[in-house]
Amino acid sequence: MMDYNEIERKWQDAWDKAGIFSPDPGEKEAFMVTAAFPYANAPQHIGHLRTFGTADVVARYKRMRGYNVLYPMAFHATGTPILAFAKRIKNNDSELVKELQTFHVPDHEIEKMTDPLYIANYFIKEIREGMKLAGYSIDWRRSFVSIEPLFSKFVEWQFGILSKKGMLTKGRHPVGWCPNENNAVGMHDTKHDVEPEISSETIIRFKLEDEDSYLLCTTYRPETLPGVTNIFVNSEAEYSLCTIEGMSGSCYAAKSSLKALSYQFSIKELKEIKGSELLSKMCINPYTGKSVPVFPGYFVDPEIGTGCVMSVPAHAPFDYMAIEKLKSQGYDTKGVQPVSVLEVKRDKHGTDAEEGVVPALRYLRAVNADVNATDELVKEATKAQYKDEFRYGIMTAGRLSGLSVADARESVRKELIEKGEASEIFVLTNEDPVYCRCGFRVMVKVVDNQWFINYGDKEWKKTAKAALAGIRVLPEKSRNAFESAIDWIDLRAVVRAQGLGTKFPLEQDKIIESLSDSTIYMSFYTIYNLIAKLKPANLIPEFFDYVYLGKGNVDEVARASGIDYETVKKARESFTYWYKNTSRHSGPDLIFNHLTMYIFNHAAIFDKEFWPKQIVVNGMVLNEGEKMSKSLGNIIPLADGIRKYGADPMRFVEIGGADLFSDSEFNERAVNGVRERFELLNEYCSALPAMDAGELKGIDYWLYSKMNKKIKEATAAMENVELRLASTHMLYNTILELRRYKQRGGMNGMVLREYLSNVTLLLQPMAPHISEELWHALGNTSFSSTEKWPSVDEDMINENAEIGEDLIDSTISDIMQVIELMQKKTGAKATGVGIIIASQWKCDIMNSLAVKKDIRQAIDMAMANHKELQYDAAAKYAQALMKKVNELRVVSFTEEEEFKALSEATEYISSAIGMAVRVEKEEESRSSRAARAHPMKPSIEVS
RNA sequence: GCAGGGGUGGCAGAGCCUGGCCAAAUGCGACGGGCUUAGGACCCGUUUCCAUAGCGGAUGCGAGAGUUCAAAUCUCUCCCCCUGCACCA
């Protein structure tokens with residue numbers, strides 16, 4: 001048994017000592033690999049092997065292909081999660097403490113984690129250790145943290161440029177808000193890590209007849225305005241008359257809804273009235289001008305929206321039910337009748353459309369709801385109807401006629417907002433109320449004067465598309481996602497009121513939001529080791545202008561910044577050297593934010609030659625079929641996994657275990673399978689010294705052929721970062737081939753050494769430690785890490801050698817079948833087997849037919865070439881073949897070659913079937929079954 | 001809803017772009033056999049159905065339709081699943 005951890009430590013130390021992964025600019029062509037940097041709030045779990053490991057495999061492969069490869073790594077700590085973390089520790093949050101304990105964070109460390117910087121530093125150290133254990137070939141000299149002052153200088157410079165280029169704008173923006181802490185809240189600020197989901201609704205005002213005031217209704221479905229028959233209010237609740245910013249006149253809304261509204265509009269209360277007082281009134285539909293009455297609605301919640309809803313009984317089951325209930329209670333509903341304003345071409349969830357039946361009623365019937373039905377049931381009907389109507393509905397009412405529901409909604413909404421009759425309001429759409437960690441209910445606040453990066457800018461989108469066109473996206477099928485991400489991304493709020501990070505240059509009391517400060521940081525790696533010792537004050541914009549944009553000259557920049565001449569010069573050289581050829585790695589979840597912003601910012605800031613060249617997107621890692629998550633408690637810390645299974649087996653399973661884009665599965669069985677195969681390779685390597693070299697046999701040529709094919713295919717796979725395919729070639733097929741080689745009596749030490757040497761090198765990117773170990777077991781003294789990738793000798797790819805082996809296999813399996821059937825039938829035991837090989841003329845006829853499909857020509861040709869051949873026999877054979885002429889393939893073996901291949905394998909075949917074997921040619925055979933032989937399908941005679 | 005990706009044998013998962021060599025790689029599982037004191041590991045075989053002294057046939061890759069001499073693979077329609085939807089890293 002190999003001790004993986006010992007082997008890994010040994011080679012990691014040796015690499016460190018040799019400094020082979022800390023490159024500087026040189027003669028060789030550069031290649032830089034970067035992976036989305038880890039957030040410094042927890043050590044890594046095995047899922048991180050996917051992105052960082054894939055990046056490492058690419059780095060290692062490219063290094064062996066002769067590139068000067070740089071794989072740097074930094075750490076992200078910007079934003080609020082680390083602050084929230086510190087606060088939770090302060091509050092003794094047991095959930096968090098438990099989580100930390102799964103990562104073996106000692107209690108005395110947890111105690112100190114009330115300090116955000118301490119947290120970041122602690123985990124950065126942990127993560128770095130984990131990455132070393134995993135064997136990543138990282139240049140640690142270039143490692144920085146996204147909250148350190150030098151990096152902030154760089155980010156300030158970046159935003160200076162964005163500002164100058166007009167990419168920053170100001171506007172209104174809704175955010176989740178805690179009224180207690182007066183803070184924006186994101187997912188990590190809420191109880192149970194719920195993301196506040198915000199969507200927009202429409203407030204529509206209905207003018208009260210004979211009064212200079214309005215009723216405010218909230219609705220998702222403004223397109224149903226033509227179908228409004230009345231308004232519902234809650235007759236038990238208090239209502240307020242108030243003035244609302246952005247709407248002229250005074251308006252009524254439920255008193256208990258005002259608080260939430262006040263975070264989006266400034267509101268002044270004038271007076272209060274009872275809901276019941278509104279009941280006697282009539283009001284005017286702003287879209288149709290029609291007058292409608294106000295009724296009490298049992299289901300109206302005064303806390304939601306404005307506490308008034310417009311009633312569309314034809315299309316809203318709740319409205320329909322409410323009116324029916326009123327009627328049954330003897331309430332005077334003034335003869336209102338449902339008005340249908342749209343029709344659905346196909347009913348998915350409701351009953352079939354019936355002439356004259358109100359749509360809402362159909363959906364209610366579909367769930368068996370009567371007048372006494374529960375709200376749950378009505379809700380179900382509502383959902384179904386809304387879904388169908390939004391998806392398939394076509395408007396039938398008035399000017400909206402013919403429009404789809406979605407289009408009509410936009411059109412009505414826009415028209416009313418322009419006229420000042422409606423306004424947009426934001427609401428939380430989470431199923432359950434969302435609570436801040438402090439216990440207060442989260443609401444929506446609209447922030448004015450919010451700074452945005454304007455990714456909606458048409459010209460910028462165009463440049464980004466141009467940049468994308470020049471990027472090699474792997475896997476290629478994810479390019480679509482990038483295309484649509486570029487189209488879709490719009491304004492992005494760029495600052496926050498709190499959090500760690502860089503101050504926003506245009507508004508010094510705000511912090512640049514954490515995804516926005518890390519869009520071009522990869523370029524910072526190229527110079528970080530040169531400037532690490534400088535003071536922030538040295539890093540003036542002119543310095544970055546020179547380094548990244550080539551503006552100005554060394555002398556001036558050196559003088560102005562106080563940085564010495566050599567460093568300035570080197571920094572520019574380093575950037576231009578490393579940044580021309582880059583590969584960016586990340587998970588699929590970042591396509592719609594980070595990676596797209598990465599493209600946008602590069603396109604805006606850098607010269608074309610420094611735009612991204614390659615983006616590799618990889619899937620996640622699942623643990624025994626389930627997503628790893630804190631809540632499931634199935635996270636495997638990286639260090640634990642490596643300690644238990646070894647880094648290389650873990651790497652192999654996680655990185656090579658699935659297609660790039662699909663998720664890979666961690667399971668113990670697979671890891672053990674890999675370990676066993678490594679052991680087997682190791683055994684073969686140790687057995688080598690005892691083996692002699694001798695004359696090459698057929699099976700040796702076969703192994704050579706397989707080896708070269710393997711190199712060819714593994715190389716192609718690595719070029720496309722198809723790591724699953726590559727791993728199949730490199731390890732799994734290797735084991736199958738070695739097994740066969742041995743079974744077929746292969747024992748040529750020279751051949752085997754060459755084969756194993758190449759396999760060892762192929763394995764290097766994915767299993768670097770094992771590769772080094774085997775490489776030395778084979779007697780080498782260099783690092784396999786810095787060796788050349790094996791090259792293909794096309795001449796040694798020998799199809800015939802492989803066909804020969806396939807022939808042997810298929811013959812054996814045919815023999816076994818025949819024997820089995822015979823024994824079943826006659827009960828007699830077989831004692832010997834004759835293999836009879838088809839005559840050359842059969843082969844000739846078959847090949848001729850396969851190419852030409854001309855029976856005449858085939859027979860003539862065979863007759864001409866084989867004097868002994870009877871015309872009858874040739875014709876009969878050719879006719880039989882004609883029946884499936886379309887399936888015929890050219891046979892590349894001659895009778896002689898077929899005979900040779902099988903004769904040489906007699907020993908193997910007879911040991912496989914357990915009895916004596918005789919091989920003969922058809923024309924020499926006296927067997928009655930001889931004529932049944934086909935090319936590559938010898939006749940079998942069992943005696 | 002919008003966007004992106006999928007649906008293949010007991011399971012996982014290739015193949016699909018570039019139609020035929022695909023009853024469909026590979027791994028796992030199950031079954032039978034070998035090795036072994038026994039188990040594990042390892043090795044060999046079987047693993048849709050029917051037929052059969054092997055080389056044949058039927059059904060078949062979410063459902064349906066189409067194109068083609070030929071479809072898991074191309075086109076259309078439908079159904080279902082997964083992921084993301086933003087200021088959050």
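Lettering of chains follows the sequences in order, A, B, ..., and the numbering in each one begins at 1. These figures come from a predicted structure and were not determined experimentally.
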Could you state the atom-to-atom distance from [atom1] of [X] to [atom2] of [N] in whole Å?
X	N	atom1	atom2	result
A:Y220	B:G1	OH	P	16 Å
A:F592	B:G84	CZ	C1'	7 Å
A:I803	B:C21	CD1	P	17 Å
A:R496	B:A86	CZ	C1'	12 Å
A:L725	B:A25	CG	C1'	11 Å
A:E654	B:A12	CD	P	18 Å
A:L731	B:G27	CG	C1'	12 Å
A:I489	B:C88	CD1	P	15 Å

[N] and [M]: how far apart are their [atom1] atoms, nearest whole angstrom?
N	M	atom1	answer
B:A63	B:U46	P	29 Å
B:C35	B:C44	C1'	11 Å
B:G6	B:C17	P	14 Å
B:G15	B:G7	C1'	15 Å
B:A14	B:A86	P	30 Å
B:G57	B:C22	P	16 Å
B:G34	B:A25	C1'	27 Å
B:G9	B:C28	C1'	14 Å

Check this for me: A:E907, atom CD, are more than 12 non-hydrogen atoms of other residues, nucleotides or ligands nearer than 6.0 Å?
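It does not: A:E907 CD has 12 such atoms or fewer within range.
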Greater than 12 external heavy atoms within 6.0 Å of A:K876's NZ
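Atom NZ in A:K876 is not packed in, count stays at 12 or less.
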Tell me what [X] touches on the nucleic acid: a base, only sugar-phosphate, or nothing, going by heavy atoms under 4.0 Å.
X	value
A:D490	base
A:H76	sugar-phosphate
A:E476	nothing
A:P938	base

After noting the C-alpha distance and the side-chain angles of A:R918 and A:E941, does the key distance pass the salt bridge (charged side-chain N to carboxylate O under 4.0 Å, His left out) rule?
CA-CA 10 Å; A:R918 171 184 87 250; A:E941 182 183 41; 3.4 Å; yes
With a 3.5 Å limit on both atom pairs, tell me what [N] is paired to, counting Watson-Crick and G-U wobble, or say none.
N	answer
B:C11	B:G27
B:C42	B:G34
B:C16	none
B:U83	B:A3
B:A65	B:U75
B:C22	none

Minimum-distance nucleotide (side-chain atoms of [X] versus [options]):
X	options	value
A:Q743	B:G27, B:C43, B:C85	B:C43
A:R929	B:A3, B:C28, B:A53	B:A53
A:E513	B:A86, B:C43, B:C87	B:C87
A:R724	B:C55, B:A86, B:G13	B:G13
A:K477	B:G5, B:C87, B:G4	B:G5
A:S484	B:A3, B:A86, B:C55	B:A3
A:S514	B:C43, B:G6, B:C88	B:C88

Taking the six-membered ring where the residue is Trp, are the ring centres of A:F75 and A:F37 under 6.0 Å apart?
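Not under 6.0 Å, so no.
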If the cut-off is 4.0 Å, is [X] near the phosphate of [N], judged by side-chain N/O to OP1 or OP2?
X	N	value
A:K742	B:C43	no
A:R739	B:C43	yes
A:N480	B:G5	yes

Closest nucleotide of RNA chain B for A:I735 versus for A:S478: which of these residues is on the 5' side?
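Counting from the 5' end, the first nearest nucleotide belongs to A:S478.
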RNA chain B: A:R677 or A:L491, which has the more 5' nearest nucleotide?
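Nearest-nucleotide comparison on RNA chain B picks A:R677.
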Smallest separation among heavy atoms of A:M846 and A:P935, with atom names
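Closest heavy-atom pair between A:M846 and A:P935: CE-CD, 3.8 Å.
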Closest non-hydrogen atom pair, A:K710 against A:N733
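Taking A:K710 first and A:N733 second, the nearest heavy atoms are NZ-C, 4.0 Å.
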Lys/Arg-Asp/Glu bridge criterion (N-O < 4.0 Å) met for A:R740, A:D809
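Yes.
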Looking at A:R413 and A:E223, is any side-chain nitrogen of the basic one under 4.0 Å from a carboxylate oxygen of the acidic one?
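No, A:E223 and A:R413 are not salt-bridged.
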Is the base of B:C28 touched by the side chain of A:R669 through a donor-acceptor pair closer than 3.5 angstrom?
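Checked by distance alone, the answer is no.
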